[in-house]
Novice: 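Supplied in structure tokens, the structure appears directly below.
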Amino acid sequence: MSQETWSAVDDFIVETIAPDDEALSAAVDAALAAELPAIQVSPPQGKLLNLLARTIGARTILEFGTLGGYSTIQLARALPADGHLVSLEFSPEYTEVARASIERAGLGERVEVRVGPALESLPGLAEEGFGPIDFTFIDADKVNTPNYFSWALERSRPGALIVADNVVRDGTLADGGDPDPATKAQRQFHEMVAEEPRVSATTIQTVGSKGHDGFTLALVQA
Ligand code: SAH
Ligand code: DHB
Ligand code: MG
């Protein structure tokens, strides 16, 4: 099996059941035009996020890592009219691109993008009493995945779902000797989840246009 095959299958899935509509295509185009890195979730993965958020009836969503707003749009579309999504993004430039795409998608009222290192935005959110959270998508700086998980878990309602992206990274997750801090953080994240009685979790490996990677899904116990 090769990257070529994985991408061809993703293409087929996109052509059949998970196409980008106008607003999603426009978000990808705007990100490309502004020279953002093309590291957003793939269309089938974005659709998965949308389906998961709808499945649990999410009304309050927290996202770590906005980039150009592609996953943000897929998640915000799962919200009811009075739902709310806060997305945390380090880069002011990316935030500007994302806000325009979110607005174009008609989701400006439901979505707030906060600029700065996510760890520095969290105290403000806590002070405002953000939550209880129904759905969290962790997709920012990978070394902080365990920290974002801990924060989100404390503010999640029973039945909430926490999803983390890029936990497998070409299989590096299985290599205990990998010195990369991002890999170490994903391994530590798994150990932390394993010892956390408040969640029931799994990790699903994925292949597709983004190569070999994976998501962790953690359901907060009722
Ligand atoms: N969720 C997006 C992709 C996010 S890519 C999508 O699928 O469409 C990862 C993002 O995390 C980048 O935009 C990067 O700027 C941001 N990021 C990196 N470090 C961060 C930090 N400390 N706090 C918040 N965002 C961060
Ligand atoms: C990369 C991919 C991602 O999904 C992400 O969130 C950050 C970086 C990458 O391929 O480098
Ligand atoms: Mg990612």
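Sequential numbering from 1 along the given sequence is applied to the chain's residues. Order of appearance sets the numbers: ligands from 1, and atoms from 1 within every ligand.
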Novice: Report yes if Ile39 has an N/O atom closer than 3.5 Å to an N/O atom of ligand 2; otherwise report no.
Specialist: yes
Novice: For Asp165, which part has a heavy atom under 4.0 Å from ligand 2: side chain, backbone, both, or neither?
Specialist: side chain
Novice: Decide if atom CZ of Phe90 counts as having more than 12 heavy atoms of other residues, nucleotides or ligands within a radius under 6.0 Å.
Specialist: no
Novice: Tell me: protein heavy atom nearest atom 4 (O) of ligand 2, and distance?
Specialist: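 Ranked first by proximity to atom 4 (O) of ligand 2 is Lys210 NZ, 2.5 Å.
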Novice: Around atom 6 (O) of ligand 2, find the nearest protein heavy atom and jot down its residue, atom name and distance.
Specialist: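 Residue, atom and distance for the closest contact: Asp139 OD1, 2.7 Å.
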Novice: Applying salt bridge (charged side-chain N to carboxylate O under 4.0 Å, His left out), name anything that partners Arg114, two or more places apart in sequence or on another chain.
Specialist: Glu112, Glu128
Novice: Have a look around the Mg ion (ligand 3) and list protein N/O/S atoms under 2.8 Å, or say none.
Specialist: Asp139 OD1, Asp165 OD2, Asn166 OD1
Novice: Which heavy atom in Ser91 sits nearest to a heavy atom in Val115, and how many Å separate them?
Specialist: C-CG1, 4.0 Å
Novice: Can you sort out the partners of Asp82 under salt bridge (charged side-chain N to carboxylate O under 4.0 Å, His left out), two or more places apart, ordered by chain and number?
Specialist: Arg59
Novice: Donor-acceptor check, side chain of Arg77 to backbone of Asn50, threshold 3.5 angstrom: yes or no?
Specialist: no
Novice: Do side-chain atoms of Glu120 reach the backbone of Pro117 as a donor and acceptor pair under 3.5 angstrom?
Specialist: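 Such a contact is absent between Glu120 side chain and Pro117 backbone.
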Novice: List ligand 2 atoms under 4.0 Å from Lys142, heavy atoms only on the residue side.
Specialist: 5 (C), 6 (O), 7 (C)
Novice: Examine the proximity of ligand 2 to Asn166 and report which part, side chain or backbone, both or neither, has a heavy atom under 4.0 Å away.
Specialist: side chain
Novice: Mind checking whether Arg169 contacts ligand 2 via backbone (N, CA, C, O), side chain (CB onward), both or neither, at a 4.0 Å heavy-atom cut-off?
Specialist: side chain
Novice: Gln186 side chain to Lys142 main-chain N or O, any donor-acceptor pair under 3.5 Å?
Specialist: yes
Novice: Measure the acute angle between the ring planes of Phe64 and Tyr148, then classify it against the limits of 30° and 60° as parallel, tilted or perpendicular.
Specialist: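 Because their plane-to-plane angle is under 30°, the rings of Phe64 and Tyr148 count as parallel.
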Novice: Any side-chain heavy atom of Asp175 within less than 4.5 Å of one from Thr183?
Specialist: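 No, too far: nothing below the 4.5 Å cut-off.
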Novice: I need the contact residues for ligand 1: any residue with a non-hydrogen atom closer than 4.0 Å to the ligand, ordered by chain then number.
Specialist: Ile39, Gln40, Val41, Glu63, Gly65, Thr66, Leu67, Tyr70, Ser71, Leu88, Glu89, Phe90, Tyr94, Gly116, Pro117, Ala118, Phe137, Asp139, Ala140, Asp141, Tyr148
Novice: Okay, side chain of Asp165, backbone of Phe215: is any donor-acceptor separation there less than 3.5 Å?
Specialist: no
Novice: Do Phe137 and Val167 share a hydrophobic cluster, counting only Ile, Leu, Val, Met, Phe, Trp and Tyr and linking them when any side-chain heavy atoms are less than 4.5 Å apart?
Specialist: no
Novice: Please work out, at 4.0 Å between heavy atoms, whether the side chain, the backbone, both, or neither of Gln40 comes within that distance of ligand 2.
Specialist: neither
Novice: Looking at Val143, is its backbone amide N or carbonyl O close enough to the side chain of Asp141 to form a donor-acceptor pair, meaning the two atoms are under 3.5 Å apart?
Specialist: no
Novice: Identify the two heavy atoms, one from Pro132 and one from Arg157, that lie closest to each other, and give their separation to 0.1 Å.
Specialist: CB-CB, 3.9 Å
